[in-house]
K.L.:
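Let me begin by handing over the structure; questions about it come next.
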Amino acid sequence: MHLARTINIVGAHAEGEIGDVVVGGVLDVPGKTMFDKMTHFWTRGDHLRKLLLNEPHGKPSRNVNVILPPCDPRADAGFLIMESEEYAPMSGSNTTCTTTVLLETGMIKMQEPITTVTLDTAAGLVVANAECEGGKCKTVAFDNVPAFAFALDFEVDVPGIGKILCDIAWGGMMYAIVDIRQVGLKLDSEDGKRLVEYGEKIKRAVQAVTDPVHPENPGIHGVTNFIFIEPLEDDGSGKKARNTVVVSPGRLDRSPCGTGTCARMAVEHARGLLAEGQSFRHISITETEFHCRIRGTTKVGDYPAVLPTVKGRAWITGVSQVMLDSSDPFPEGFRIGDLWHAQDKVRPDTHHKDVLEI
Ligand SMILES: O=C(O)[C@H]1NCC[C@@H]1O
């Protein structure tokens, strides 16, 4: 074995959604902000994301976080979030995994009963308050960046489906949100393939007609994520609802999706259906929950916005060392259409292909 790369990873999941964390083997990159660092990774070949997310090292349901020194002096750590189709500016499940890993591995000193960890992300500062007991990080409640709605009841004509009304909102990622009753599907695992097919189609139709731009960072634009929601119900002490997020290129988020939840909270607040301080339980396709509330309001550019807090749990699943042999024909991996709804089939790179042909 002749190694080209060795990366140390602590595996984790938050409420069912994988959020593995790179704790060694990746050096810092230049950047005045975490957004700059994210752009650096993305535009300089994107090798790490392709290696860790694509097969054979990765899989469609994997997300990987990279811990880096923060840019903002107020933060304890910085991290970048790698997902199958993009670097997410923010992510709720990944924040929950990363905070848990930082505390349970001792990279940040755990203090019981609450440890506050300030994280620098490509979307801005996020403060996580972790309930800790006996060395275990029991819950992570993070104060997300402000969330807001770009448009309510935005009509889009979807080929093969027809006219659909969706809300377009930012919650750390950009979402199109659709009431599932419009498409006649069930928010159940057994409808999983059709939920993905419909969600991807609607998202592409939205992308074709609108390109929302974050007012404070024009580098963040375009709807990249999609949510099917069931309506809010009153649970006696607050509101609850089920949802599922379709993550490109085609799978369902196993968690209730933190950024999607925040985008939805902004929409429900704009409609007068979720008040400041009211509790809100968002339930996933795996029946796991995030417990949330709006802790205040603000403005982002000209948009009225909410300050969302989301609480969930994460568990460490293992420790691994990813190795890339220098003769491996797939240093950036590949995607096959059976699992990936793959648009592009990655071939071995030229160098290794040449070696094979000799
Ligand atoms: O919790 C979230 O925000 C997300 N989960 C995977 C996709 C999104 O980043």
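Both backbone and side-chain heavy atoms feed into the values below; hydrogens, waters and symmetry mates do not. In listed order, ligands and their atoms are each counted from 1. Just so we're clear, the structure is a prediction, and the values are computed from it rather than from any experiment. Start at 1 with the first residue, then count along the sequence.
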K.L.:
Under 4.0 Å between a Lys/Arg side-chain N and an Asp/Glu carboxylate O for Arg264 and Glu268?
P.N.:
yes
K.L.:
Enumerate the atoms of ligand 1 whose separation from the nearest heavy atom of Gly258 is less than 4.0 angstrom.
P.N.:
1 (O), 2 (C), 3 (O)
K.L.:
Is ligand 1 less than 4.0 angstrom away from at least one heavy atom of Ala88?
P.N.:
no
K.L.:
So, regarding Ser255 and ligand 1 (criterion: nitrogen or oxygen to nitrogen or oxygen, under 3.5 Å), is there a contact or not?
P.N.:
no
K.L.:
Do Glu104 and Lys136 meet the salt-bridge criterion of a basic N to acidic O distance under 4.0 Å?
P.N.:
yes
K.L.:
Which part of Thr259 is near ligand 1, with near meaning a heavy atom under 4.0 Å away: side chain, backbone, both or neither?
P.N.:
both
K.L.:
I need the atoms of ligand 1 closer than 4.0 Å to a non-hydrogen atom of Cys257, numbered in the order shown.
P.N.:
1 (O), 2 (C), 3 (O), 4 (C), 8 (C)
K.L.:
Determine, considering heavy atoms only, which of Thr96, Ile81, Asp253 sits nearest to atom 5 (N) of ligand 1.
P.N.:
Asp253
K.L.:
Walk me through whether Phe148 and His214 qualify under ring pair (Phe, Tyr, Trp, His ring centres under 6.0 Å).
P.N.:
CA-CA 10 Å; Phe148 58 91; His214 194 289; 5.5 Å; yes
K.L.:
Consider every N or O of Arg251 and every N or O of ligand 1, then say whether any pair is closer than 3.5 Å.
P.N.:
no
K.L.:
Just which atoms of ligand 1 are under 4.0 Å from any heavy atom in Glu83?
P.N.:
6 (C), 7 (C), 8 (C), 9 (O)
K.L.:
Please report whether ligand 1 has a polar contact with Asn63, defined as an N or O pair separated by less than 3.5 Å (distance criterion only).
P.N.:
no
K.L.:
Met173 heavy atoms, cut-off 4.0 Å: which ligand 1 atoms fall inside?
P.N.:
8 (C), 9 (O)
K.L.:
Numbering the atoms of ligand 1 from 1, which are under 4.0 Å from a heavy atom of Ser93?
P.N.:
1 (O), 2 (C), 4 (C), 5 (N), 6 (C)
K.L.:
Is there a polar contact, in the sense of an N or O pair closer than 3.5 Å, between Met90 and ligand 1?
P.N.:
no
K.L.:
Give the intermediate values and the outcome of side-chain contact (heavy atoms from CB on, under 4.5 Å) for residues Tyr198 and Val246.
P.N.:
CA-CA 9 Å; Tyr198 277 53; Val246 179; over 6 Å; no
K.L.:
Give the residue, atom name and distance (to 0.1 Å) of the protein heavy atom nearest atom 4 (C) of ligand 1.
P.N.:
Ser91 OG, 3.3 Å
K.L.:
Charged N to carboxylate O below 4.0 Å: is that the case for Arg242 and Glu287?
P.N.:
yes
K.L.:
Angle class for the His282/Phe280 ring planes (parallel below 30°, perpendicular above 60°, tilted otherwise)?
P.N.:
tilted
K.L.:
Salt bridge or not for Asp153 and Arg271, using N-O below 4.0 Å?
P.N.:
yes
K.L.:
For ligand 1 and Gly92, I'd like to know whether there is a polar contact (N/O to N/O, distance under 3.5 Å).
P.N.:
yes
K.L.:
Ignoring hydrogens and angles, state whether a donor on the side chain of Thr43 or Thr39 is under 3.5 Å from an acceptor on the partner side chain.
P.N.:
no
K.L.:
Could you verify whether a donor N or O on one side chain and an acceptor N or O on the other, from Thr317 and His13, lie under 3.5 Å apart?
P.N.:
no
